[in-house]
Amino acid sequence: MIKEKVIGISNRLNSIVDEANRHPNGNPGHITWSKAVYAIECLSKEVNSKPVMPEVFDDFAKKFDLTIQQGEQSLDEALNEIYMMYMHGGSKFNDLEDYMRSHGDEEFYTKCVDALVNGYEVEHG
């Protein structure tokens, strides 16, 4: 989920509601409601989306058993490794650390945490 997109869609939805409230007879009409429904669908899609991660992240994540059956221990280990990579460097996962350094540390770190906690899709190519 991209926070800026969610905020933008929410703002668009607010303006649609304002438009509906300004309608003189209290009936904003079909077009206004269609816009509102479309904005809600976009918001739902964005909120439920998973981050798309590079293959190098997928290779890293596969080193940990992140299944529900494993519990929180593997997730904690993976999150700790990502944190150490971000804060200190010198990770045993050099490929991912190099990728992180070349793709904006903080933004990519946040995306990694989201992907580990909420799941992700793999970018192929």
Side-chain angles (χ1 to χ4, degrees):
M1 169 177 69
I2 300 174
K3 186 168 95 173
E4 291 80 15
K5 270 185 158 179
V6 171
I7 291 170
I9 295 168
S10 296
N11 289 339
R12 188 170 4 136
L13 192 54
N14 284 335
S15 69
I16 292 167
V17 169
D18 289 343
E19 179 184 328
N21 289 335
R22 287 192 308 269
H23 204 276
N25 66 5
N27 183 5
H30 175 71
I31 291 177
T32 301
W33 290 121
S34 294
K35 289 180 192 176
V37 168
Y38 178 72
I40 291 168
E41 288 171 349
C42 290
L43 186 60
S44 176
K45 181 178 177 183
E46 185 58 34
V47 167
N48 292 312
S49 68
K50 293 181 180 180
V52 178
M53 302 301 290
E55 289 184 37
V56 68
F57 176 84
D58 187 47
D59 293 342
F60 162 82
K62 286 178 180 175
K63 303 282 189 230
F64 302 89
D65 184 4
L66 298 175
T67 61
I68 293 172
Q69 295 83 6
Q70 179 64 22
E72 295 179 7
Q73 183 177 355
S74 287
L75 177 60
D76 287 346
E77 290 172 4
L79 289 170
N80 186 54
E81 189 66 40
I82 288 289
Y83 175 78
M84 295 302 288
M85 198 180 299
Y86 171 63
M87 291 303 292
H88 305 290
S91 170
K92 60 184 175 185
F93 298 96
N94 294 330
D95 292 343
L96 182 59
E97 185 174 335
D98 292 344
Y99 188 93
M100 182 183 287
R101 298 282 177 245
S102 66
H103 288 82
D105 288 358
E106 187 172 339
E107 184 178 327
F108 188 70
Y109 167 74
T110 303
K111 193 174 175 182
C112 287
V113 170
D114 181 31
L116 289 170
V117 172
N118 299 311
Y120 62 94
E121 296 177 16
V122 179
E123 173 184 76
H124 297 285

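Positions are given from 1 along the sequence. Because the structure is a prediction, the values reported are computed rather than measured. No hydrogens, no waters, no symmetry mates; every other heavy atom, side chains included, goes into these values.
- Residues forming a side-chain contact (heavy atoms from CB on, under 4.5 Å) with Asn94 (at least two apart in sequence, or on another chain): none.
- Across Val52 and Lys111, no two heavy atoms sit closer than the pair O-NZ, 3.0 Å.
- For the side chain to side chain donor-acceptor pair (under 3.5 Å) test, no residue two or more places apart in sequence or in another chain qualifies with Glu97.
- With hydrophobic clusters built from ILVMFWY side chains whose heavy atoms lie under 4.5 angstrom apart, Val113 shares a cluster with Tyr83.
- Atom NZ of Lys63 is separated from atom CG of Asp58 by 10.5 Å, given to the nearest 0.5 angstrom.
- Tyr109 is connected to Val117 through a chain of hydrophobic side-chain contacts under 4.5 Å among Ile, Leu, Val, Met, Phe, Trp and Tyr, so both are in one cluster.
- Rounded to the nearest 0.5 Å, atoms NZ (Lys62) and CD (Glu55) are 8.0 Å apart.
- Using a 4.5 Å heavy-atom cutoff, the side chains of Arg101 and Phe108 are not in contact.
- Annotation: side chain of Cys112 is in contact with side chain of Met53 (closest heavy-atom distance under 4.5 Å).
- For Ile9 against Ala39, the heavy-atom pair with the smallest separation is CG2-O, 3.2 Å.
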Inset, instruction - Take Ile82 and Phe60, measure what side chain to side chain contact (heavy atoms under 4.5 Å, CB included) needs, and give me the verdict at the end. - result: CA-CA 10 Å; Ile82 288 289; Phe60 162 82; 3.7 Å; yes
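- With sequence neighbours excluded, no residue forms a side chain to side chain donor-acceptor pair (under 3.5 Å) with Arg12.
- A distance of 9.5 Å separates CD of Glu81 from CD of Glu77, quoted to the nearest 0.5 Å.
- Note on ring orientation: taking the six-membered ring where Trp is involved, the planes of His103 and Tyr99 are parallel (angle under 30°, cut-offs 30° and 60°).
- Here the CG atom belonging to Leu75 is positioned 11.0 Å from the CG atom belonging to Asn80, to the nearest 0.5 angstrom.
- With sequence neighbours excluded, no residue satisfies side chain to side chain donor-acceptor pair (under 3.5 Å) with Glu41.
- Counting heavy atoms from C-beta outward, Leu116 and Phe57 have side chains that approach closer than 4.5 Å.
- Shown here for Gly119 and Pro51, the closest heavy-atom pair between the two residues is O-CD, 3.4 Å.
- Every side chain to side chain donor-acceptor pair (under 3.5 Å) that Asn118 has, sequence neighbours left out, goes to Asp114.
- Through direct or relayed side-chain contacts under 4.5 Å between Ile, Leu, Val, Met, Phe, Trp and Tyr, Ile40 connects to Leu13.
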